[in-house]
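When reading the values below, keep in mind they use all heavy atoms of this one structure, side chains included, and skip hydrogens, waters and symmetry mates. Chain naming here is simple, since letters A, B, ... match the order of the sequence lines and numbering starts at 1 in each.
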Protein chains: 2
Amino acid sequence: MSEPIQSLTRLREQFQKLPGIGPRSAERLAFHVLREPREFAAGLAQAILDVKDKVIHCRTCYNLTETDPCSICSDSRRDQGEIWVVEQPKDLLALEATGLVHGVYHVLMGHIAPLEGIEPQHLTLDALIERVRGGNVREVVLALNPTLDGDATALHIQSLLADTNVLVTRPARGLAVGSQLEYASVGMLEAAIRGRTQL
Amino acid sequence: MSEPIQSLTRLREQFQKLPGIGPRSAERLAFHVLREPREFAAGLAQAILDVKDKVIHCRTCYNLTETDPCSICSDSRRDQGEIWVVEQPKDLLALEATGLVHGVYHVLMGHIAPLEGIEPQHLTLDALIERVRGGNVREVVLALNPTLDGDATALHIQSLLADTNVLVTRPARGLAVGSQLEYASVGMLEAAIRGRTQL
């Protein structure tokens, strides 16, 4: 038996540590890197390092950013009195993509999940409360995931803000626009039925 | 709208250039790198560069290697008189994994495919013929893929070696061991029927 090619084996192992990459995919990726010009490999390697070296959390809203404060927090056209609370940076991106949020954000970096060992102190809740108590905040929109954990976290935040005059809201729930009623989940239907509005 | 985080966007774009990685996977991979410690990113980046910087082709058999000649060609226990001709380094790995090949290899780096613009001169055929004519070679095993292109390439090599005394063979074809006859392809059945052997 021949010795394996160490650097190829190592790259395969590294690729396999990535989510959703199995042994066969890792091998295909490693051979792909091997076939491509060195500039390709250099570009990929640099991009991987840059993400670790340049991306930080905004110290105001905890969104991912390369500048602190982030471009949203430092944008004078954004309504600083309206804070949209989300679980993850990805959720922020999804809301931003709609172009409908004119306020600013606060990224919790997760949700409360005692069974997974995620307690309130692991989130950026203190910073949120401090921001709200700092004044000038009119509304806090709890744009958490419509899940059990998201709801529990929302309730917790609501109780923390109970003694302030800030309006606490959450996005509407109901039928997914474009979906078909016959395929709607019980949860989706329940939200739609309980929250029915007058025409 | 906020400006995107440039380094994250760039990493997503780089991941998307890899085979089988779509926009969603690329995003998931990029966020994964972001979450992991810097050592993880550094290890991945280094492995990518190492593959390009350290892996070369053996100048004897054209297998991928970090030393020239490769560990197989320089292994005195291997039978240098028996050359197993394969299309790709991956095929060599598959044969090596059986532990049944005691000879050495020759990697063609492809097969003849005129329609795809792959002519004999694009392969390592000249080097193979030179090796064989160099003497001390008893047998050349054409372990090419059992496909039209593989067969055409095997025929071409056979004709190139016709004026030598070297034995030219190819691995047996027939029913895939462990498969079920009812699901065998016509090609597999044809090879099994034509090549039937006496018990």
Can you confirm whether more than 12 heavy atoms, excluding those of [X], are under 6.0 Å from its [atom1] atom?
X	atom1	result
R59(B)	CZ	no
D68(B)	CG	yes
N136(A)	CG	no
E130(A)	CD	no
R38(A)	CZ	yes

- Query: Donor-acceptor pair, K52(B) side chain versus E36(A) backbone, under 3.5 Å?
  - Reply: yes
Identify the two heavy atoms, one from [X] and one from [Y], that lie closest to each other, and give their separation to 0.1 Å.
X	Y	value
A42(A)	L49(B)	CA-CD2, 3.7 Å
V51(B)	L11(A)	CG2-CD2, 3.5 Å
R28(A)	P19(B)	NH2-O, 3.7 Å
L8(A)	E66(B)	N-OE2, 4.5 Å

- Kindly determine whether R10(B) and Q46(A) satisfy side-chain contact (heavy atoms from CB on, under 4.5 Å), including the steps that lead there. CA-CA 10 Å; R10(B) 206 157 47 231; Q46(A) 194 58 53; over 6 Å; no
- Item | Steps toward side-chain contact (heavy atoms from CB on, under 4.5 Å) verdict (I48(B), Q14(A)) | CA-CA 9 Å; I48(B) 288 165; Q14(A) 294 285 354; over 6 Å; no
- Query: Residues in side chain to side chain donor-acceptor pair (under 3.5 Å) with R170(B), at least two apart?
  - Reply: none
What residue in [options] has the most heavy-atom pairs under 4.5 Å with chain B?
options	result
T65(A), V101(A), V33(A)	V33(A)
F40(A), F31(A), F15(A)	F31(A)
H32(A), R35(A), H102(A)	H32(A)

- Query: Roughly how far, to the nearest 0.5 Å, is OG of S7(A) from CG of D53(B)?
  - Reply: 9.0 Å
- Query: Which one of K54(B), K17(B), R12(B) has the most heavy-atom pairs closer than 4.5 Å to chain A?
  - Reply: K17(B)
- Message: So, applying side-chain contact (heavy atoms from CB on, under 4.5 Å) with I5(B), which one of T67(A), I56(A), L93(A), V55(A) is it?
- Response: V55(A)
